[in-house]
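For reference, the structure is listed below as structure tokens.
Not measured: the values here are computed from a predicted model. Index from 1, following the sequence.
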Amino acid sequence: MQDVARLAGVSAMTVSRALRSDASISQATRARILEVIERVGYIPDQTANMLASRRSGFVVALIPALNNSNFADTVRGINDSLAGTGLQMILGATDYSPEREEELIATTLRRRPEGIILAGSKHTARARRLLTHAGLPIVQIWDFPDDPLDQVVGFSNADAARAMVHHLADRGFRRIGFVGSSVPSDTRGFERQRGYCEALVERGLGPPRLVNAAKPPGSIEQGGLALGRLLERWPDLDAVFCVSDLAACGAMMECHRRGMVVPRDIAIAGFGDFEISRCTHPRMSTVAVESYEIGALAGRHLVAALEYDGDPATRPVARIRTPFTVIAREST
């Protein structure tokens, strides 16, 4: 700052005022200072301002995985919603572990974020205490909890899975299997399994035929192995619904290896509407969710909460259900 002041012919205090858009200095002086800053590439140290204003300038987003295109779209939506706000996003991956999420929450709270976006609705007791005591705006995404921490932008994974089973039943399939998550902490995967089981009861389709074999976000290899396990136990299956499109792709390829024609011999359906679901042969039926919009809405409502200048007790709290759609393609 001293170098900028010397080159602009002003004091360091005047440079500081120019950076704060202080009305006590002239526009000409401010313009000269800003020109010097641009020329020398000076980047102001915001530490002092942060301590004085108690504003850190960043928000935290915690998602289960970085190698999932749906979550990547959600992060893109959050990032786009923060453009022009002066806020930056710090991203963390929990690897579907509540304990890892708790650790990340504790670590980031020490750095005083202005708000937090969390994927999911199940958190450890300590994580919930930390978040409640922090007094920050929070948005839970990708689920619709019964006991939200604050704001919510998401959908019922159970309802979405139920809708796919009803689609399969409406197409005439009666012996429907399910490839589920092998990780108990994958709450979204187990909610989809719950929806599958409930739909079987609603349609009178007998007991569940399921294998929990797909480590989230599910891999093509896991889906192929899971289909083999399902057929060993229930060789009369006429449809399989998978917890993700990647697992469903693997199941479909295993069908091809076995000489089974999809959907004549067995129908295959996935979840997520990943790009791969539109490229398989036959093209895969799936459940589409508004991944990008979930992130964009979460970011916008987090910003709105931070900009609210009324009584905190009267701050509007958004509880938004985002849509999901069963996309029927050739595989069912």
> After noting the C-alpha distance and the side-chain angles of Met89 and Phe58, does the key distance pass the side-chain contact (heavy atoms from CB on, under 4.5 Å) rule?
Replying inline: CA-CA 6 Å; Met89 174 176 55; Phe58 74 88; over 6 Å; no
> Can you check side-chain contact (heavy atoms from CB on, under 4.5 Å) on Leu149 and Arg128, steps first, answer last?
Replying inline: CA-CA 8 Å; Leu149 291 163; Arg128 292 185 72 93; 3.6 Å; yes
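Checked by atom type and distance alone, the side chain of Thr74 pairs as donor or acceptor with a backbone atom of Ser291 at under 3.5 Å. Side chain of Glu330 to backbone of Pro282: no donor-acceptor contact under 3.5 angstrom is found. Put simply, the side chain of Ser69 never gets that close to the backbone of Phe274: no donor and acceptor are under 3.5 Å apart. A donor-acceptor pair under 3.5 Å is absent between the side-chain atoms of Asn79 and the main chain of Val75, judged by distance alone. Without hydrogens or angle criteria, Arg319 side chain to Val153 main chain gives no donor-acceptor distance under 3.5 Å. The backbone N or O of Asp236 lies less than 3.5 Å from a partner atom in the side chain of Arg175, making a donor-acceptor pair. For Thr14 (side chain) and Val10 (main-chain N/O), no donor-acceptor pair under 3.5 Å exists by modelled atom type.
A salt bridge between Arg257 and Glu254 is present, with a side-chain N of the basic residue lying under 4.0 Å from a carboxylate O of the acidic one. Salt bridge Lys122/Asp147: absent, no basic N to carboxylate O contact under 4.0 Å. A salt bridge is absent between Glu232 and Arg229: the closest approach of a Lys/Arg side-chain nitrogen to an acidic carboxylate oxygen does not fall below 4.0 angstrom.
Closest approach of Ala288 and Ile327 over heavy atoms only: CB-CD1, 3.5 Å. In plain terms, the two heavy atoms of Ala226 and Ala213 that are nearest each other are CB-CB, 3.8 Å. Nearest approach of Gly270 to Met164, heavy atoms of both residues: O-CE, 4.1 Å. In terms of heavy atoms, Leu302 sits closest to Gln151 at N-NE2, 4.2 Å. Here the closest heavy-atom approach between residue Leu227 and residue Cys255 is recorded as CD2-SG, 3.4 Å. Considering all non-hydrogen atoms of both residues, Ser121 and Gln140 come closest at CA-NE2, 3.7 Å.
Listed by first and then second residue, the side-chain hydrogen bond (donor to acceptor under 3.5 Å, both in side chains) pairs involving residues 268-282 are Asp273-Ser277, Asp273-Arg278, Asp273-Arg329, Ser277-Arg329 (not counting sequence neighbours).
For an aromatic pair to be called close, the ring centres must be under 6.0 Å apart, and Tyr196 with Phe178 satisfies this.
Transitive grouping of hydrophobic side chains (ILVMFWY, heavy atoms separated by less than 4.5 Å) brings Trp234 and Met252 into a common cluster.
Listed by chain and number, the residues in a side chain to side chain donor-acceptor pair (under 3.5 Å) with Arg209 amount to none (sequence neighbours excluded). With sequence neighbours excluded, the residues satisfying side chain to side chain donor-acceptor pair (under 3.5 Å) with Glu191 are Arg194. With sequence neighbours left out, Arg76 forms a side chain to side chain donor-acceptor pair (under 3.5 Å) with Asp73. When the side-chain contact (heavy atoms from CB on, under 4.5 Å) test is applied to Glu202, the partners found at least two apart in sequence or on another chain are Arg162, His166, Glu198, Ala199. With sequence neighbours excluded, the residues forming a side chain to side chain donor-acceptor pair (under 3.5 Å) with Arg192 are Asn157, listed by chain and number.
Within a 6.0 Å radius of CG in Asp311, more than 12 heavy atoms belonging to other residues, nucleotides or ligands are found.
A side chain to side chain donor-acceptor pair (under 3.5 Å) with Thr286 holds for exactly one of Asp245, Thr325, Thr332; it is Asp245. Residue Leu118 is tested with Asp143, Leu131, Asp150 for a side-chain contact (heavy atoms from CB on, under 4.5 Å); the sole match is Leu131.
Val303 places a side-chain heavy atom less than 4.5 Å from the side chain of Leu87.
For the 3.5 Å distance criterion, the side chains of Glu102 and His123 fail to qualify, holding no donor opposite an acceptor. Checked by atom type, the side-chain pair Thr94/Ser97 shows no donor-acceptor distance below 3.5 Å. There is no side-chain donor-acceptor pair under 3.5 Å between Asn212 and Ser182. Side-chain atoms of Thr187 and Tyr96 include no donor-acceptor pair closer than 3.5 Å.
To the nearest 0.5 Å, atom CD1 of residue Ile37 and atom CG of residue Asp3 are 12.0 Å apart. Between the CD1 atom of Ile105 and the CD atom of Glu101 there is a distance of 4.0 Å, given to the nearest 0.5 Å.
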